[in-house]
Trainee: 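This is the structure, below, for whatever I ask next.
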Amino acid sequence: MSHLNTKANIAEPDEFYHDLLAQHEGRSAEESEALNARLVLILANHIGDAGVLREAMDLAANTQGGGEVNRLV
Amino acid sequence: MTKKKTFEVPLYPYVRSPDQDAGKAVRHKVVVVGAGPVGLAAAIELAMQDVEVVVVDDNEKVSWGSRAVCYAKRPLEILDRIGCGDHFVDKGVQWNVGKVFFNERQVYQFDLLPEDGHKRPAFINLQQYYFEEYLVDRVKELQAQGKPIEIRGNNKVVFVDQSGDVATVELETPEGNYFVEADWVIACDGAASPVRSMMGLDFVGRIFEDNFLIADVVMEASFPTERWFWFDPAFNRGQSALLHKQPDNVWRIDLQLGPDVDREEEKKPENVIPRLKAMLGEDVHFELEWVSIYTFQCRRMEQFRKGRVIFAGDSAHQVSPFGARGANSGLQDTDNLIWKLKLVMDGKAPMSLLETYDEERIFAADENILNSSRTTDFITPKSSVSRVFRDAVLDLSKAAEFARPLVNSGRLSVPATYDGSSLNGDDCAGMPVRSRPGSPAADAPTVNGWLLDQMGNKFQLLAINTEVPDTVEVGGVTICALSVNATDEVADRYLGDKSSAVYLMRPDQHVAARWESYTEANVAQALNRAIGIFEQEGAQ
């Protein structure tokens with residue numbers, strides 16, 4: 001059974017990020033949200049494996065505001 | 001009485017030049033406009049090659065305030081090549097660790113972990129005023145050796161013209177205006193380049209609206225010598241912040257303010273100090289050394305040379321400060337330019353060699369502009385969806401390794417490899433990709449000391465585990481041998497699968513061509529190519 005790969009897997013991260021945001025240029029907030037939803041569904045279908053998708057959903061659900069507090073003062 | 005700061009003391013005060021009483025325009029070989037890091041480095045390198053040079057600057061002091069503070073490894077190697085690297089590295093603060101915070105949580109930490117076996121560290125922090133002062137020291141050292149270099153303070157360029165092989169420059173001084181002529185003018189007069197404006201040359205690109213407040217504070221603080229970067233911290237909500245250490249207990253604080261601020265109002269101490277206290281704590285005692293507000297643009301000139309006038313550094317290209325790609329890339333401009341100019345001035349290379357300054361340094365400028373624009377887009381999201389993605393990356397980056405390479409608080413300056421340059425010659429399969437033609441030489445220890453300390457300022461044949469002649473003459477150019485036995489690092493960085501190698505190195509320590517062994521014909525062909533003499537295809 002395969003697992004979700006959370007190791008870096010994108011060869012050119014800055015280029016990917018730029019291309020991703022370029023898709024949103026000129027779109028309204030609703031259009032962007034809809035685009036993101038379509039993109040998630042497309043990528044989910046590509047992955048297919050229910051276990052991997054479940055792991056991905058759990059990771060996304062549990063990472064908001066992650067990390068230790070580390071203050072200068 | 002408090003001691004004056006370095007940047008308050010006139011370092012090259014105005015002195016009347018005999019040129020002003022000559023009754024006609026005196027002809028010089030090279031006039032460099034601007035005594036900043038780039039102009040001084042250019043002039044030093046020219047003088048070291050015995051090319052007569054006059055540097056003119058519109059004031060008589062070094063940089064006001066710290067300004068450019070991060071200097072990368074490659075520029076430090078260039079300073080070594082022009083004879084003064086130790087001074088900078090001895091004074092500078094070395095750092096490797098960077099931490100990234102989102103709100104109050106650390107989400108990511110990087111270690112620049114310089115590879116072992118290099119003389120110079122990945123980065124040092126040093127105030128620009130020290131940087132310029134040490135270059136002026138080097139100028140004085142060269143003057144003491146009788147080298148033809150002078151700096152004229154309070155000599156402001158007010159007019160530039162050129163016709164044929166001469167440029168005419170009008171200089172304004174406290175005692176009136178005068179003219180000089182020059183074979184070449186190198187304009188290193190900054191992003192607002194008056195020379196560029198006087199010549200009516202364009203400078204187009206992207207304008208960014210955000211304002212950033214720089215405050216340099218002097219304080220005794222126990223913060224670590226690391227680069228700390230915050231996205232959306234409580235003390236600067238909705239914006240970013242940066243903390244970085246400089247020598248003499250000076251700390252650089254950079255606070256994003258957003259668009260539409262009253263800059264004069266924001267710069268007042270009564271507005272700056274509360275912002276700093278929110279960040280540093282109420283109890284920390286600090287003194288403001290310098291405050292400035294900047295905005296930036298990412299843009300470049302279409303061409304860096306117009307006839308006899310050549311632009312280098314910020315006058316030719318401007319980037320955002322994220323990534324320290326301004327002064328660092330400016331030094332690499334002069335690194336690329338001066339050996340070419342010297343060969344052209346000596347009649348040993350065709351004028352067309354200078355076109356490859358444009359070719360190679362525009363390639364580098366575009367790389368720097370691309371990187372610094374992308375960082376800016378990450379730091380200052382331009383739409384709600386780009387902020388959503390930015391925050392998603394930051395939220396994920398603690399738990400998921402894949403998100404960390406997407407965090408972009410600055411892609412720190414690395415030298416350009418001139419892939420595809422018309423000066424590049426033969427490559428050799430099986431040798432390391434990092435040392436392919438066009439790349440800057442990687443340093444390595446050898447039995448005779450650091451490799452880069454033995455390299456530069458002339459064409460050389462780097463011979464590893466093989467024999468080459470002591471000197472090879474091609475046209476008017478002498479190539480000198482640099483023979484080394486392979487240490488582990490040399491083998492790793494230069495041999496790869498091969499047991500021997502011959503590298504033709506350019507005077508700027510970039511690789512021109514490489515082979516497994518020496519043949520006179522290959523070296524001659526590659527040398528000609530490296531100085532811009534291209535043979536016709538199929539010609540015998």
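Just so you know, these numbers use all the heavy atoms, side chains as well, and skip hydrogens, waters and symmetry mates. Order of the sequence lines sets the chain letters (A, B, ...), proteins ahead of strands, with each chain counted from 1.
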Trainee: Sort B/N103 into side chain, backbone, both or neither according to what part of it lies under 4.5 angstrom from a heavy atom of chain A.
Mentor: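 Neither; nothing under 4.5 Å.
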Trainee: Around atom CG of B/D111, are there more than 12 heavy atoms from other residues, nucleotides or ligands closer than 6.0 Å?
Mentor: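 Check passes, neighbour count above 12.
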Trainee: To the nearest 0.5 angstrom, please state how far the CG atom of A/D14 sits from the OG atom of B/S373.
Mentor: 11.5 Å
Trainee: Tell me, do A/F16 and B/L406 make a side-chain contact under 4.5 Å, heavy atoms counted?
Mentor: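 Yes; the side chains approach each other to less than 4.5 Å.
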Trainee: Output the distance between atom CG (B/N408) and atom NE2 (A/H18), rounded to the nearest 0.5 Å.
Mentor: 12.5 Å
Trainee: Please look at A/L20 and chain B and tell me whether the side chain, the backbone, both or neither of the residue comes under 4.5 angstrom of a heavy atom of that chain.
Mentor: side chain
Trainee: Tell me, yes or no, whether the heavy-atom count around A/E33 atom CD, taken from other residues, nucleotides or ligands under 6.0 Å, exceeds 12.
Mentor: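 Atom CD in A/E33 is not crowded, with 12 or fewer foreign heavy atoms closer than 6.0 Å.
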Trainee: Specify which of B/R374, B/K382, B/E282 makes the most heavy-atom pairs with chain A at under 4.5 Å.
Mentor: B/R374
Trainee: For the CD atom on B/E270, are there more than 12 heavy atoms of other groups (residues, nucleotides or ligands in this structure) within a distance under 6.0 Å?
Mentor: yes
Trainee: Using non-hydrogen atoms and a 4.5 Å limit, figure out which bit of B/V388 sits close to chain A: side chain, backbone, both or neither.
Mentor: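 Neither part.
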Trainee: Does the plane of the ring in A/Y17 sit parallel, tilted or perpendicular to the ring in B/F389? Use 30° and 60° as the thresholds.
Mentor: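 The rings of A/Y17 and B/F389 stand perpendicular, inter-plane angle above 60°.
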Trainee: Taking CG in B/D283 as the centre, count heavy atoms belonging to other residues, nucleotides or ligands within less than 6.0 Å. Is the count above 12?
Mentor: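 Open.
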Trainee: Rounded to the nearest 0.5 Å, what's the gap from CZ on B/R390 to CG on A/L21? Could you check?
Mentor: 11.0 Å
Trainee: Which region of B/R404, side chain (C-beta onward) or backbone (N, CA, C, O), has a non-hydrogen atom less than 4.5 Å from a non-hydrogen atom of chain A, or is it both or neither?
Mentor: neither
Trainee: Identify which part of B/N371 has an atom lying under 4.5 Å from any heavy atom of chain A, answering side chain, backbone, both or neither.
Mentor: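 Interface part for B/N371: side chain.
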Trainee: Under a 4.5 Å heavy-atom cut-off, does chain B meet the side chain of A/E15, its backbone, both or neither?
Mentor: both
Trainee: Using non-hydrogen atoms only, which part of B/S383 is less than 4.5 Å away from chain A: side chain, backbone, both, or neither?
Mentor: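 It is neither, since no heavy atom gets under 4.5 Å.
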Trainee: Taking atom OG1 of A/T63 and atom CG of B/L396, what is their separation to the nearest 0.5 Å?
Mentor: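 Nearest 0.5 Å value for the OG1-CG distance: 4.5 Å.
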